[in-house]
4 protein chains.
Amino acid sequence: MSKREDIMIATLDLIDEEGLQSVTFSKILKKANVGSGTIFNYFSSKEELVNEVYKEARVHMGHCLLAGYNSELSLYERFKCLQLNRLQFGIAFPKEFLFIDSYSYSPYISPEIRNLDDAGSTLEVLNVIIEGQKHGIIKEMDSHLCHQLIHGIISSILKGYFVRKYPLSDLQVQQTLEASWKAILV
Amino acid sequence: MSKREDIMIATLDLIDEEGLQSVTFSKILKKANVGSGTIFNYFSSKEELVNEVYKEARVHMGHCLLAGYNSELSLYERFKCLQLNRLQFGIAFPKEFLFIDSYSYSPYISPEIRNLDDAGSTLEVLNVIIEGQKHGIIKEMDSHLCHQLIHGIISSILKGYFVRKYPLSDLQVQQTLEASWKAILV
Amino acid sequence: MSKREDIMIATLDLIDEEGLQSVTFSKILKKANVGSGTIFNYFSSKEELVNEVYKEARVHMGHCLLAGYNSELSLYERFKCLQLNRLQFGIAFPKEFLFIDSYSYSPYISPEIRNLDDAGSTLEVLNVIIEGQKHGIIKEMDSHLCHQLIHGIISSILKGYFVRKYPLSDLQVQQTLEASWKAILV
Amino acid sequence: MSKREDIMIATLDLIDEEGLQSVTFSKILKKANVGSGTIFNYFSSKEELVNEVYKEARVHMGHCLLAGYNSELSLYERFKCLQLNRLQFGIAFPKEFLFIDSYSYSPYISPEIRNLDDAGSTLEVLNVIIEGQKHGIIKEMDSHLCHQLIHGIISSILKGYFVRKYPLSDLQVQQTLEASWKAILV
DNA sequence: CATGAATGAGTCTTCATTCAT
DNA sequence: GATGAATGAAGACTCATTCAT
C-alpha cells in the first residue's frame, strides 16, 4: 500500500473517530506511520488532503450507487436499485458515508467540490424522477427537491442506525425503500 | 445591546459562516467589537461560550416547535403542525437550525446540554406516531426509526434549500409535509 | 480596619499560602473583599504593594528584635536578647518571617529595599559583635559575616520548625541560642 | 551545543537574574536563540523544563557534595569535607545553588523530583552527627535539627556573599566551617 | 473614596509547514 | 522519496490596569 493511501486512510479514520476539527497532522502521521515531511510530497496542504479524501469518498459512493443499475428495468425497479445502493453503501462504508453527509453542507467544503462529478448517479436519480413525473407516477415538484427528499430519508435512517437507535435488517430496509417511494408518489 | 449578547450573536454568525472548527476568539472579538478580555467576564472558556449559544438556540427552537400546537386536533393536523413548525423554524432561523443540526453530536457540545429539555416536542412527535400506528394509519415500525425518518426529511430539505438547490415557498413546503406524511402511512 | 490594611493582610496571607509567584490581584481582591479599582487608590502597582508589605514586615521585625533590649546588660545577655527576640518573632509571626527570609535575597526585592532601615536592630547586633571582638570574647572576623552566621542559625532552625521537622520548646530554644553563641566565640 | 542545552542554560540564567516567577518563554527563546516551537520538541511544558533544570542542578550538586569524601577520615575531617564541599559548590555554581535553595519547596517543583536521590550526602551528614553524638563530641539534639543548623549556616553565609556583604576567600571559608563545627559541639 | 466592566499586552502552547540531510 | 528537527504564526486564556459611574 502506498504512503499516499496510508495517509488518506488514516485521515478518514481520524475524521470518523474524532471529527474533522480535531484531526491534526501529528495524529495522522502517527496513525499512518510516516514522517512529517512525507505528507507534503503528496498533498500541498491540510485542506488539499481533506478535499482529496472527500473527493475519493464521493467517487467511491458514486460508483456504488450505480452498481447493478440497468436502465432497461422498470421505473420502480430502477428507483429501488438506486435507493438500496445508497442504503447499502452507508451500511458498508459508514465512515465515508458519514464524512460526506456531515461535511457536504458545511462551510468547510467549498461549493465547487460539493458539486463534483459523482459518476452520474445524481443525474440518474434525476432522470428517474423526471421520467416518473412524465408518466404521472411521481408527483410534480422541483426535481432537486424530490431528489433531496428521497436522499434525506435514506440518510436519516442510516444516522439513526449508526447510533444504534434500531436494527437495520431486511425488513427495515424494505420499509425504508417503500417509505421513500410512497413519499413521492402522486 | 449588552456585550454578552454582542458576543453570542457574533459567535453564531461565525459558526454559520465558517464552521465551528474555524471560529476563533480573535474573529469573535473583531466582529463583536469587544476587547479580548471581555469575553472572559461573561464566559469562562470558549467551550462555555459555544455551549451557551447552543443552549439558547435549543431553547428558542423548543418554543417554536410547539407553537400553535393543539392536542385536540386530528392526527394529521397535529402531524402537519409539528412538521411545519420545524420547517418554518429552519427557514426563519437558518443559523440556529444548522448549528443545532450539525453540532448536536459533536464532542464540543457537552452531553448534559445536548439532552436539554426541548419543551416536549420530541415526546409529542412520538405520541402522534404511536397513536397513528394504533389507529392503523401509520405503518408499524420502530417509533424512533419513524421519528428519525420524518425529522430527517425536514432536515435534508432545509439543507438543500440553504445551498440554493431550489426555492422553498408555500408550495414546496406543502409538498414536503405531504411527502413526509405519505412516507409513513400504511 | 482600613481597606489599605485589608489589602496588605490579604496579600501577606496569599504569599504565605501560595507563594509570591501565584499571588494575583483577583485573589487579593476576593480575600480582602474590595473592588478591583480600590487597590489603585492605595498602591500604584502590584510591585509597590508587595514592596509595602515587605517594608512593613521588616519594620515590624525591627521593632520586635529590640523588644526589652537594654544596652546596660552584659554582652552575653544582650546577645541572647537579640537572638531570642529573632527566634520569637519567627515563632509569633511566621508569615512575616518567611516572607522576609525567602525574598530578601531574591531578585524580586530590589537592593535598596533589602537594605532599608530596620529600626537599628542590625546596627545593634553589629555593635555587640564588634564590642565582643574588642574584648577578645568573639572571634575576629568580618562583622557582617559574623552577623550573617548567627542570623543564619536562627533562620535555619525556624525553617525546620515550620515544616514540623522537630518541636521548638524552651529546651530547643536554649540549645539554639547557645549554639549560636558558641559558634562565634574565640 | 544542542538546542536542548541552550534552552536549559538560558532558563537557569533567567531564573538567576529575574527569579522563577518572571521567567517567560519569550525571554528564554530570545536568550537561547531558538524558535518558540522548538522548546516543545524537548519539554512538554514549562513546568517540565523547569523541573528538568532543577533535576540537573540537583544531580550536579549531589556529585560535588561527596567529592573527595572518605569515610575512613576522622569525624572532624569528614564534617569539614562535607561542609566545605557544600560551600564550594555554592561559590562555584551560585545559580544552581540559589535555584535549589530558593525553589526546592516551591509548588513549581514536583515532590517526587524534590526528593531526588542526592547520592547519599544527606545520609552521610546524619551519620556524622549521630556518630559524633555517640562519642560525646556533638551535643545531644534532634539529628535533623542539627543537620538543619549546619546546612543553614552554609546557606546563609553564601547568600550574604552573593549580595556582596563580604568576601569569601579561604580565611572566611575556614571561619565559617569552624563556626558551624563549634555550634554543635557539646 | 469605592466600584467593577472593559481592556489589551503578554503568557503558554499548538500545529501546519519548511528544509537540510 | 522519506525524514524529523526547527520554525513562527496563530490560538486560547490571564491579569494588571484604567476609567466612567
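Below, chain A is the first sequence line, B the second, and so on; all start at residue 1. Atoms considered below: every heavy atom in the structure, side chains included; atoms not considered: hydrogens, waters and symmetry mates.
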Give the rounded distance in Å between these two atoms: [atom1] of [X] and [atom2] of [N].
X	N	atom1	atom2	answer
A:N33	F:dG1	CG	P	19 Å
B:L14	F:dG11	CG	P	12 Å
B:Q21	E:dT14	CD	C1'	16 Å
C:I28	E:dA2	CD1	C1'	17 Å

- prompt: What's the shortest heavy-atom distance between B:P94 and B:F162, and which atoms?
  reply: CB-CE2, 3.4 Å

task: Measure across B:T38 and B:V34 and return the closest heavy-atom pair with its distance rounded to 0.1 Å.
output: CB-CB, 4.1 Å

field: Polar side chain donor-acceptor pair, B:S2 to B:Y42, under 3.5 angstrom
entry: no

- prompt: Among side-chain atoms of C:Y54 and C:S104, is any donor-acceptor pair under 3.5 angstrom?
  reply: yes

- prompt: Quick one: the side chain of D:N41 and the base of F:dA5, do they pair up donor-acceptor inside 3.5 Å?
  reply: no

field: Pair D:F97 + D:F93: ring centers closer than 6.0 Å
entry: no

message: Counting only side-chain nitrogens and oxygens, does B:K27 get under 4.0 Å of the OP1 or OP2 atom of F:dG11?
response: no

field: N or O in side chain of C:Y42 less than 4.0 angstrom from E:dC1 OP1/OP2
entry: no

- line: Contact check, residues 4-12 of chain B vs DNA chain E, heavy-atom distance under 4.0 Å, returns none

field: nucleotides 16-21 of chain F: protein proximity per nucleotide (B base, S sugar-phosphate only, - neither; heavy atom, under 4.0 Å)
entry: SBB---

message: What's the separation between atom CG in C:D101 and atom NZ in C:K159, rounded to the nearest 0.5 Å?
response: 4.0 Å

message: Could you measure the distance from the NZ atom of A:K95 to the CG atom of A:L14? Nearest 0.5 Å is fine.
response: 9.5 Å

- request: Go through the steps for C:F89 and C:H60 under the test side-chain contact (heavy atoms from CB on, under 4.5 Å), then give the verdict.
  value: CA-CA 9 Å; C:F89 175 79; C:H60 184 198; 3.9 Å; yes

- request: For B:T38 and for D:T38, locate the closest nucleotide of DNA chain F by heavy-atom distance; then report the residue assigned to the nucleotide nearer the 5' terminus.
  value: D:T38

- prompt: In whole Å, what separates the P atom of E:dC1 from that of F:dT21?
  reply: 22 Å

query: Hey, where does DNA chain E pair up into stems, meaning at least three consecutive Watson-Crick or G-U pairs with distances under 3.5 Å?
result: E:2-21 with F:2-21

Hey, is [atom1] on [X] packed in by over 12 heavy atoms from elsewhere, all under 6.0 Å?
X	atom1	value
B:K55	NZ	no
D:E56	CD	no
A:F40	CZ	yes

